[in-house]
Structures are given as C-alpha cells and as structure tokens.
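Data block below; observations after.
Note: hydrogens, waters and symmetry copies are ignored here, and every other heavy atom, side chains too, is used.
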Amino acid sequence: MAGSGQHIIELRTGKKAFFLSDQHFGAPDRESSRLREKKFLNFLEEIREQAQVIFLLGDLFDFWFEYRNVVPKGYVRILGKLAELQDAGVEIHFFIGNHDLWMNTYFQEELQIPTYRRPQNFLINGKEFLIGHGDGLGPGDKGYKRLKKLFTNPLANWLYRALHPDVGVWLGTYMSRRNQMMAGDVEDDYLGEEKEWLVQYCHHKQSQKAYDYFVFGHRHLPLEIPINDAMYINTGDWVKHFTYAEFDGLEMLLKKYHQS
C-alpha cells in the first residue's frame with residue numbers, strides 16, 4: 001500500500017483531475033453490471049485527453065478478495081482500460097472501500113496503481129485536498145466500525161483465505177449484496193449535519209488544518225457542503241447517479257455523466 005504524507009500534483013495546461021467512486025461492478029448481477037461497465041468505459045475514453053490524474057475513491061467492485069494467486073473472475077475490460085490509461089501516462093490513485101476491503105497488492109503489482117486504506121492529503125495546484133473513500137469516518141456508525149475491524153483482522157483474513165476461491169468468492173458476493181451493515185448502506189436523502197458522519201469528520205479535520213476540499217465517496221449521494229472556508233464534495237455513485245468531480249486547477253465542479 002502507498003504510504004501517507006502529502007502528495008504534490010501540478011496540473012499541466014489543459015489537464016484536469018477527476019474523482020469517481022462507488023461503481024459496485026458485479027451488482028446486482030453480472031448482466032446488468034455490464035451495462036454500467038460499458039458506460040464507465042465510455043466515460044474513461046472520453047476524458048482520456050483531459051485527464052492528468054484520476055482518483056478512484058473505492059468500491060469499484062461490489063466484492064473483491066485477493067487470494068495469493070487468484071483474483072475474482074470478470075472485470076477484464078475495466079482492468080484493461082485502467083492499465084491502458086496508466087501506461088499512456090494518466091496518473092491513477094485507488095482508495096480501498098468497504099466492498100473492495102480485501103484488496104492487497106494486485107493493483108500495485110499488475111497495474112502500477114498505488115492504493116490507499118486511509119484518507120490522503122494531496123496538494124493540487126496549491127489547493128489542499130483530503131481524499132478518501134469515507135467508510136468508518138466520523139463519530140457514528142459504530143456497528144460498521146466493529147465489523148470492519150473483524151473483516152480486516154489478519155487471523156480472519158487467513159481463515160477466509162483457507163476457503164476454496166469458488167466458495168470464498170461466492171460467499172463474499174452473497175454477503176456483500178445481503179448484509180446491509182457490510183455494505184454501509186445509507187439513506188438516499190441528505191440527513192442533516194448531525195447525522196452525516198462525513199460532514200462531522202470534515203469539520204473536525206478542518207479544525208486541525210486548513211483544507212480547501214474534502215473529497216469522499218461511500219455515501220452514494222452527490223453532495224457539496226461548505227465546511228467553513230472549505231468544501232466537502234461527495235462524488236455520488238455509478239449505480240444511480242453517474243456523478244463525478246473534476247478540478248481544472250482553479251475550480252472544482254460536481255458533474256453528472258451524460259453519455260454522448
């Protein structure tokens with residue numbers, strides 16, 4: 001996994017940074033997921049010339065578990081496109097979400113894409129960004145936090161890895177779709193600051209250091225919320241909203257993808 005510390009990016013003239021999250025490819029079933037995958041691939045192709053850096057903020061897959069020599073079947077076109085963009089010089093960063101919680105070294109070794117388990121500080125064209133997936137942050141969601149500790153426990157991972165991959169992937173996929181706590185499912189409507197854990201988290205972080213932008217996924221709801229002099233942006237999802245954020249070095253915009 002990539003280390004912590006500040007990452008510095010200077011966007012070249014005409015280039016942008018893109019932020020996307022929560023594609024949940026594989027859900028609710030393989031057939032309908034392929035339609036969303038195709039839309040996502042079209043989007044990546046359309047931004048190819050503009051993109052200097054792409055931040056994937058987690059839950060790219062609805063379930064992902066890496067065995068030592070086995071990864072889940074499918075997603076060949078997605079992985080191939082990411083490799084193609086990376087090879088073409090587009091910088092890609094991946095933040096592990098709660099559905100791809102068991103990602104280890106595959107992205108780094110096979111695609112040369114750094115991965116992160118915790119929010120990271122990026123300085124982009126002089127603007128301070130705090131970027132992450134968003135699960136388990138803030139004061140609430142205690143049930144999920146306990147479950148996450150169990151799922152990330154080395155012994156629990158070792159025991160799960162002892163299952164045959166056919167059994168392990170089937171079981172993980174079933175749990176991912178059926179277990180609301182594991183999914184971290186939340187309301188479709190904005191709940192108000194006192195119930196939005198990420199908003200509270202951003203306020204807390206802003207009291208410690210002055211940021212310009214907080215960018216997270218996980219919530220599945222596109223949001224732009226002022227945090228004192230900063231802005232919290234939630235990138236929404238690619239299940240219902242098909243939203244993303246882009247930064248051109250001066251302005252941060254939350255947009256919806258309309259396939260051309």
Review point. Does the cation-pi check pass for K39 over F242, that is, NZ or CZ under 6.0 Å from the six-membered ring centre and within 45° of its axis?
Key: yes
Review point. Ring pair (Phe, Tyr, Trp, His ring centres under 6.0 Å) with F55: which residues, sequence neighbours excluded?
Key: F19, H93, F122
Study note, to complete from the structure: F40 meets the ring pair (Phe, Tyr, Trp, His ring centres under 6.0 Å) criterion, sequence neighbours left out, with F25, W238
Point to revise | Nonpolar side-chain network containing L253, other nodes, edges under 4.5 Å | key: none
Review point. What pairs of residues pass the salt bridge (charged side-chain N to carboxylate O under 4.0 Å, His left out) test when at least one of them lies in residues 199-216, not counting sequence neighbours?
Key: E128-K209
Check your understanding: Sequence neighbours excluded, which residues qualify as side chain to side chain donor-acceptor pair (under 3.5 Å) partners of K38?
Key -> none
Practice item. Apply ring pair (Phe, Tyr, Trp, His ring centres under 6.0 Å) to F214 and list each qualifying residue two or more places apart in sequence or on a separate chain. Key: Y211
Exercise for review: Using ring pair (Phe, Tyr, Trp, His ring centres under 6.0 Å) as the criterion, list what pairs up with H203, not counting sequence neighbours.
Suggested key: none
**Study point:** Sequence-distant partners of E31, side chain to side chain donor-acceptor pair (under 3.5 Å), two or more places apart
**Key:** none
**Study point:** side chain to side chain donor-acceptor pair (under 3.5 Å) partners of D237, counting only residues at least two apart
**Key:** H220
Exercise for review: Check the angle between the aromatic planes of F107 and F94 and answer parallel, tilted or perpendicular using the 30° and 60° thresholds.
Suggested key: tilted
**Study point:** Which residues share a side chain to side chain donor-acceptor pair (under 3.5 Å) with H241, sequence neighbours left out
**Key:** none
Study note, to complete from the structure: By salt bridge (Lys or Arg N to Asp or Glu O under 4.0 Å), E84 pairs with (sequence neighbours left out) R48, K81
Extract all donor-acceptor atom pairs below 3.5 Å that involve side chains of residues 243-251 and protein atoms in other chains or at least two apart in sequence.
from: T243; atom 1: OG1; to: T235; atom 2: O; distance (Å): 2.7
from: E246; atom 1: OE2; to: K16; atom 2: NZ; distance (Å): 3.0
from: E246; atom 1: OE2; to: K255; atom 2: NZ; distance (Å): 2.9
from: D248; atom 1: OD1; to: L250; atom 2: N; distance (Å): 2.8
from: D248; atom 1: OD1; to: E251; atom 2: N; distance (Å): 2.7

